[in-house]
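Let me begin by presenting the structure, written as structure tokens, before commenting on it.
Both counts, for ligands and for their atoms, begin at 1 and track the order of listing.
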Amino acid sequence: MLPVVVVHGGAGHIPKERTEESTIGVKEAARTGYAILQRGGSAVDAVVEAVALMETNPRFNAGRGSVLNIKGEVEMDALVMDGRTLDSGAVSAVRRIANPVQLARLVMEKTKHLCLTAEGASKFARSMGVPEVPEESLITDYAKMRWKKNLEPDANPVECQMGKMGTVGAVAVDMDGNIACATSTGGMINKMEGRVGDTPCVGCGGYADNKIGAVSPTGHGEAIMKVTLSRLVLFHMEQGKTPEEASDLALAYMKERVDGLGGVVVVDHNGTWAARFSSLQMSWAAAQQGKLHFGLFHGDHFTEPVEEHT
Ligand SMILES: CC(C)C[C@H](NC(=O)C[C@H](N)C(=O)O)C(=O)O
């Protein structure tokens, strides 16, 4: 099986001066995931490490750089799913950890549950030896500025969500044909305390099944949940659609039915991949057969060689 990894860095509007960094970030994540796959690493390893790298990068709305909730705090959601067994692990509204996706993986591998939330998730992190980090280490000046701006009485609710975006996600197929997905986010700007979005909900913020493929989405979480976007894409693939057709059908349905915009990265069990979005832009990158593909706006498809380790 020819390994492949596809990542996204969010479907929200990225201000012009930040697009370059976003593209660099997704390319780096795709390269990291691809190197793991080429060394014979698993699809789960590849998606978790690719996502963890983007969580650490302050340019994305996940881990450090997350958007703030209404109280000015960071509450993060993350999910990982293993398409071999349909096991998944998630954390929601978790605070003061650097890499929620790695904690989600521990939930999958070390507990009999699929999702841990808030304080319970923090306690579990401590019990696993995951270090607690100071809240301030996750908050960037940019996130603080957006938060303040959105608290102003005349703030425009649409504008509110613009400017600082970058939920992150990845899907991969490894050499053995195993498939996985992972997604991580700080959520929506100035969300209510305790708000849980699509990301940690299996079938919404991601799904992976070796028999079909895998999806990681980004977009307005409430809309994604209403249509269970990830599972909807896979449903269309089960009906014989290609990853690209299935993505476009599911995204069009979300737009028509609930007025929601977003994007997805997708792979099928043959290694065919797609990166599609109904929003204005989505930063994405894919690596397969010695080539790195990437883009940001509709119609973009740039390529460059990627190092092959054999
Ligand atoms: C405005 C939207 C398109 C921006 C997008 N947000 C998410 O994906 C948020 C995540 N799905 C949630 O609801 O918690 C982004 O970060 O790029």
(message) Checking one residue: V107. Which other hydrophobic residues are in its cluster under the side-chain 4.5 Å linking rule?
(response) L68, I70, V74, M76, V91, V94, I97, L103, L106, L116, F124, M128, V130, V133, L138, I139, W147, L151
(request) Could you tell me whether some N/O pair between G9 and ligand 1 is separated by less than 3.5 angstrom? (result) no
(request) Before signing off on this row, confirm whether H220 and ligand 1 have an N or O atom pair separated by under 3.5 Å. (result) no
(message) Does only the side chain of T185 get under 4.0 Å from ligand 1, or the backbone, or both, or neither? Count heavy atoms.
(response) side chain
(request) For a salt bridge (Lys or Arg N to Asp or Glu O under 4.0 Å) with E73, tell me which candidate from R195, K144, R95, R96 qualifies. (result) R95
(request) State whether the side chain of Y34 and the backbone N or O of Q289 hold a donor-acceptor pair below 3.5 Å, judged by distance alone. (result) yes
(message) Which of the numbered atoms in ligand 1 are under 4.0 angstrom from any heavy atom belonging to T218?
(response) 5 (C), 7 (C), 8 (O), 15 (C), 17 (O)
(request) Go through ligand 1 atom by atom and flag the ones less than 4.0 Å from a non-hydrogen atom of G10. (result) 17 (O)
(request) Using a 4.0 Å heavy-atom threshold (strictly under), name the region of M225 that reaches ligand 1: side chain, backbone, both or neither. (result) neither
(message) With side chain to side chain contact (heavy atoms under 4.5 Å, CB included) as the criterion, how do D82 and E109 come out once you've worked through the C-alpha distance, each side chain's angles and the decisive distance to 0.1 Å?
(response) CA-CA 10 Å; D82 184 345; E109 290 174 351; over 6 Å; no
(message) For ligand 1, which is the ligand I care about here, please tell me if A11 has any N or O atom under 3.5 Å from one of the ligand's N or O atoms.
(response) yes
(message) Clusters formed by hydrophobic residues whose side-chain heavy atoms approach within less than 4.5 Å: which one holds L2, and what are its other members?
(response) none
(request) Please identify which atoms of ligand 1 are closer than 4.0 Å to at least one heavy atom of D198. (result) 10 (C), 11 (N), 12 (C), 13 (O), 14 (O)
(request) Determine whether the side chain, the backbone, both or neither of N61 has a heavy atom under 4.0 Å from any heavy atom of ligand 1. (result) side chain
(request) Check for a donor-acceptor pair, side chain of T218 on one end and backbone N or O of G10 on the other, with a separation under 3.5 Å. (result) no
(request) Would you check whether T167 has a nitrogen or oxygen atom less than 3.5 angstrom from a nitrogen or oxygen atom of ligand 1? (result) yes
